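Below is one structure, written out as structure tokens; comments come after it.
All values below were derived from every heavy atom in this structure, side-chain atoms included, with hydrogens, water molecules and symmetry-related copies excluded. Here the structure is a predicted model, which means the values were calculated and not measured. Reminder, nothing fancy here: chain letters follow the sequence lines and each chain counts from 1.
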Amino acid sequence: NAGVMQNPRHLVRRRGQEARLRCSPMKGHSHVYWYRQLPEEGLKFMVYLQKENIIDESGMPKERFSAEFPKEGPSILRIQQVVRGDSAAYFCASSPPTWGGGFGEQYVGPGTRLTVT
Amino acid sequence: SQQGEEDPQALSIQEGENATMNCSYKTSINNLQWYRQNSGRGLVHLILIRSNEREKHSGRLRVTLDTSKKSSSLLITASRAADTASYFCATDFPGSNYKLTFGKGTLLTVNP
């Protein structure tokens, strides 16, 4: 059973470009969470999605950031018009359905390290 | 703030010694999870302990939870150089949709 997959692992963008980060949850997992980690910091929650629904986006910046988790395919975190302050590691986590055993456990992917030049 | 805080910020020990890290939080929780992160890498899930549990073991890891003190500890016994990493606790609380709040981590260095 493959773990949470994220790609790309490293992404370099110039200021003003768009960044697209992809996340494929573990098989059987229906909940996806995105977190951002700045240097020397812990992870900070951004958004929680289920298939075709944004459940909680309280941690997302109001502008330039969006996320989706379509019926088919990976979850996408999109950052438009990137700025230097967006440079960080972006982690995706998935967890199993809440009606099953192990609910609440979140398995974190390897992350995408975004560098804005 | 719900944020968990790990203590100490950094810990340096010799191989074979035990390492204890602590985590404190501020409000009632559903679950508390511990993760390990090697430098520049992803997070590895170590253990989840639920609010109605007091202790869990996994291999050389032992996690305790004291909800009256709002604190948890992670004990790594017989440490190895490969245990060198940052260790984070993460909590979720009722009504939070299980979204996690992470602390800033404890940097553990195990010297060979």
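B:Phe102 approaches A:Leu43 most closely through the heavy-atom pair CB-O, 3.4 Å. Closest non-hydrogen pair, B:Arg41 versus A:Arg113, comes out as O-NH2, 3.1 Å. Considering all non-hydrogen atoms of both residues, A:Phe91 and B:Gln37 come closest at CZ-NE2, 3.6 Å. B:Leu100 approaches A:Tyr35 most closely through the heavy-atom pair N-OH, 3.0 Å.
By the rule that hydrophobic residues join a cluster once side-chain heavy atoms approach within less than 4.5 Å of another member, A:Met46 and A:Val116 end up as members of one cluster. Hydrophobic clustering of Ile, Leu, Val, Met, Phe, Trp and Tyr side chains at less than 4.5 Å, counting indirect connections, unites B:Met21 with B:Leu61.
Neither the backbone nor the side chain of B:Glu6 comes within less than 4.5 Å of any heavy atom in chain A. For A:Gln37, the part sitting under 4.5 Å from any heavy atom of chain B is the side chain, from C-beta outward, and nothing else.
Heavy-atom neighbours of B:Gln9 CD from other residues, nucleotides or ligands within 6.0 Å: at or below the threshold of 12. Around CD of B:Gln14, the count of heavy atoms belonging to other residues, nucleotides or ligands within 6.0 Å exceeds 12. Within a 6.0 Å sphere centred on CZ of B:Arg80, other residues, nucleotides and ligands contribute 12 heavy atoms or fewer. The number of heavy atoms from other shown groups lying within 6.0 Å of CD (A:Gln81) does not exceed 12.
Note that the OH atom of A:Tyr48 and the NZ atom of B:Lys99 stand 11.0 Å from one another [nearest 0.5 Å]. Taking CD of B:Gln33 as the reference point, atom CD of A:Gln106 lies at 6.0 Å (rounded to 0.5 Å).
Residues satisfying the side chain to side chain donor-acceptor pair (under 3.5 Å) test with B:Asp7, not counting sequence neighbours, are none.
The most heavy-atom pairs under 4.5 Å with chain A, out of B:Leu107, B:Asn30, B:Val44, B:Leu43, come from B:Leu43.
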